[in-house]
Amino acid sequence: MGIETESTETPSQNDGPSNFIRNIMIEDIKSGKHEGRIQTRFPPEPNGYLHIGHAKAICLDFGLAAEFGGKCNLRFDDTNPSKEDTEYVNAIMEDVQWLGFQWDNLFYASDYFPQLYEWAIQLIKDGKAYVCDLNADEIRAHRGTLTEPGTDSPYRNRSVDENLNLFARMKQGEFPDGSRTLRAKIDMSAPNLSLRDPVMYRILHLAHHRTGNQWCIYPMYDYAHGQSDSIERVTHSMCTLEFDNNRALYNWFIEQLGIFPSRQYEFDRLALTHTLLSKRKLLKLVEERLVEGWDDPRMPTLSGMRRRGYTPSAIRNFIASVGVSKTNGITQLQQLEYFLRQDLNRLVPRIMCVQKPLRVVIENYPDGQVEEMDAINNPEDSSAGSRKIPFSKTIYIEDDDFREDPPSKFYRLSPGREVRLRYAYLITCREVIKDSSGTIVELRCTYDPATRGGNTPDGRKVKSTIHWVSADHALPAEVRLYDNLFVKEDPNEVEEGHDFTENLNPDSLQVLADCKVEPSVRDAERGTKYQFERLGYYCVDRNSEDGLVFNRTIGLRDSWAKIEKRGA
RNA sequence: UGGGGCGUAGCCAAGUGGUAAGGCACCGGUCUUUGAAUCCGGCAUUCGUUGGUUCGAAUCCACCCGCCCCAGCCA
């Protein structure tokens, strides 16, 4: 009874509101720029797992290219071997495909190391780059401040020959890490700090995940990214707002080199309440074992969300709904949850599961009798069919569905009251059995045989329909309830000297070990999604070897909880 | 305090001189064998502020206010 949510064609961004990048593309096509060709790229650094924030970039990069019949490459931005790893490249490829996208070409910035090196030599020959012997601290000191201009490096005016010689020896491995850099010769007094003779190459005697020990000098992001775009003939290079300052440098290298003029466009990154979208901080959670791993269902990573039970289409629909602009904003988590529920409601089969079992004996039901009740699998999808559910004298109902002393708006089961058991019978509570400590251990009820299937031939109305499972037939299951990982809307809101981990929600995971689920799911495969009627959406966790374990993806909206809270 | 970006409802967001789309949230009501879903209705006389231009301004101009980014040999 699993569901297939993979799509066969690349989803586009058609359904969202228009946005400024799409408008630019439409104008460019209209004016015949690049012969109307649109090409983008998704350029992750393989130094961590992809998260929901990356999903926005992915949907834009791939979606917009697809919308205009263009290409989108996946290019790993692997210019810093100290942080990158093939574990991450594999995870990234899996996540992009799971989201529903397929790249035209797979590239690595490291593919371009030889070309980048040649271009560096060209810039040196043109007098536009030089080898600098200043160390990191000295470079910083020379850079000036936000309000004061920097000062020229004493090595700024070396001869072309000396620069060529030194740069070749840097590549040869003659110098230790950090001893020299290759810098672009631009303007130490530029108001834009990224133009104050930025470092192009640094010495790093480190093995690279792809090029091994072939190189000991590695290009910086600014020197690699634009040229990589240019080499691939990317027309529209989308990135997040914080790179706005880098655009001038992006353009500078392309202009000096006289190569294909890719253009960079910046958009706002996704931010969500109660959620951290920083690879560095997510890494910390993983490394310090504050979560189970990158795919912990509480993580905002795509792998975590996949394990939690999110569908790719829910994420895509959500991304389309938030739009693209240049405003720094924080989207409320409820917006994501809305699209999650919307998708799951449409796709997922319903079953019954009792999370907190309360035993009910139906006194006038024949001992040993078992009836098979018909249950609809998905009222939103008639093709989903129906199934049989066993009913017997002893059942479990949800503890929350009974109140000995019901508050005014509570219309579920209570002494003397009648409710419907979904797809089964109407029952009336006759007696409450308690143990010596006064806790309710069992309810004695009677049923009306004329109401089989939950129907009321006499037209009588019952206020409530509750879910149940047959005690003798139900399967034991563990259910994991998840709540926000962070208690504060902004997890970074901490007092001076404190850490975001202090905002971790101690109740983000609640394990219910003694749940009872209907027998139809006995052989459910890992990842299978269900709606537990009246409770929420769940999926079978990958760790279900010792019995069924369900992750609660998201609860159903609960207006009773709201009413009750309001009254309290 | 230098440079850059951005301010439209609680949140996201269209709108680029002709009189404020849409979504989330919220509030009513409808329907209901899921207190779900559905369906219907409500929700900015006003677009950060103040002036100006104009028959007419969220849109153009000026000033002011606020928020974000940049001083990694990270990306």
Side-chain angles (χ1 to χ4, degrees), chain A residues 16-19 43-45 47 77 79-80 82-83 132 134-136 139-141 143-150 177-183 189-196 198-204 217-218 220-222 224-225 239-248 266 268 270 273 279-280 318 320-339 341-342 345-346 350 352 375-376 379-380 409-412 420-424 426 451 453-456 462-467 531-536 555-563:
Chain A
S18 191
N19 67 63
E45 182 187 13
N47 68 341
D77 219 334
T79 57
N80 184 355
S82 71
K83 296 182 176 177
C132 181
L134 258 24
N135 66 31
I139 287 184
R140 187 179 313 119
R143 188 152 32 223
T145 68
L146 295 179
T147 53
E148 300 161 303
D177 288 5
S179 61
R180 285 175 224 265
T181 56
L182 182 72
R183 296 229 256 162
S189 62
N192 180 344
L193 302 212
S194 65
L195 259 20
R196 319 246 263 226
V199 172
M200 295 163 59
Y201 274 93
R202 73 292 214 178
I203 301 172
L204 242 32
I217 55 171
Y218 291 94
M220 298 287 290
Y221 166 85
D222 285 306
H225 202 95
C239 64
T240 44
L241 252 26
E242 68 272 23
F243 288 97
D244 194 315
N245 296 309
N246 302 57
R247 189 178 62 245
E266 309 84 21
D268 59 332
L270 178 70
T273 56
K279 275 202 265 185
R280 205 199 98 237
F318 163 70
S321 81
V322 299
V324 183
S325 73
K326 298 183 74 129
T327 319
N328 279 311
I330 302 173
T331 299
Q332 296 175 330
L333 202 53
Q334 301 150 115
Q335 190 160 341
L336 207 211
E337 294 176 340
Y338 170 84
F339 286 96
R341 290 193 181 100
Q342 176 189 265
N345 177 52
R346 170 174 74 85
R350 269 121 250 237
M352 291 198 283
I376 294 165
E380 306 288 328
K409 297 261 180 51
F410 183 91
Y411 48 80
R412 275 112 89 148
R420 173 187 291 111
L421 294 177
R422 174 143 244 224
Y423 299 128
L426 269 56
T451 60
N455 300 304
T456 51
V462 278
K463 289 278 275 279
S464 181
T465 298
I466 65 174
H467 57 99
Q531 182 198 96
F532 290 177
E533 294 223 27
R534 302 209 309 129
L535 295 177
L556 251 28
R557 289 184 60 165
D558 187 352
S559 57
W560 161 242
K562 200 178 288 181
I563 293 167

- Once each nucleotide of nucleotides 70-75 of chain B is scored for protein heavy atoms under 4.0 Å, what B/S/- sequence comes out, 5' to 3'? BBSBSB
- Message: I'd like to compare against my own output: the B/S/- annotation of nucleotides 24-30 of chain B with a strict under-4.0 Å heavy-atom distance to protein.
- Response: SSSS---
Quote, to the nearest angstrom, the [atom1] distance that separates [N] from [M].
N	M	atom1	value
B/rC60	B/rG4	C1'	23 Å
B/rG48	B/rA9	C1'	14 Å
B/rA36	B/rU49	C1'	46 Å

Side chain to side chain contact (heavy atoms under 4.5 Å, CB included) partners for [X], two or more places apart:
X	result
A/S325	A/D268, A/T327
A/T147	A/T145
A/N245	A/N192
A/R280	A/S278

- Contacts of A/H225 meeting ring-ring contact (aromatic ring centres under 6.0 Å, His included) (sequence neighbours excluded), chain-then-number -> A/Y221
- Task: Look at all strands and tell whether A/Q531 reaches a base, only sugar-phosphate, or nothing, counting heavy atoms closer than 4.0 Å.
- Result: base
- Query: NA contact type, A/R412, heavy-atom cut-off 4.0 Å: base, sugar-phosphate, or nothing?
  - Reply: base
- Item | Syn/anti state for B/rG15 [syn: chi within 90° of 0] | anti
Using side chain to side chain donor-acceptor pair (under 3.5 Å) as the criterion, list what pairs up with [X], not counting sequence neighbours.
X	result
A/S464	none
A/R202	none
A/T451	none
A/T456	none

- Looking at CZ of A/R412 and NZ of A/K463, how far apart are the two atoms once the value is rounded to the nearest 0.5 Å? 13.0 Å
Taking only N/O atoms, report every protein-nucleotides 64-68 of chain B pair under 3.5 Å with atom names and distance.
residue	atom	partner	partner atom	Å
B/rC68	O2'	A/N328	ND2	3.0

- Message: Whole angstroms only, please: what is the NZ-C1' distance between A/K463 and B/rU34?
- Response: 17 Å
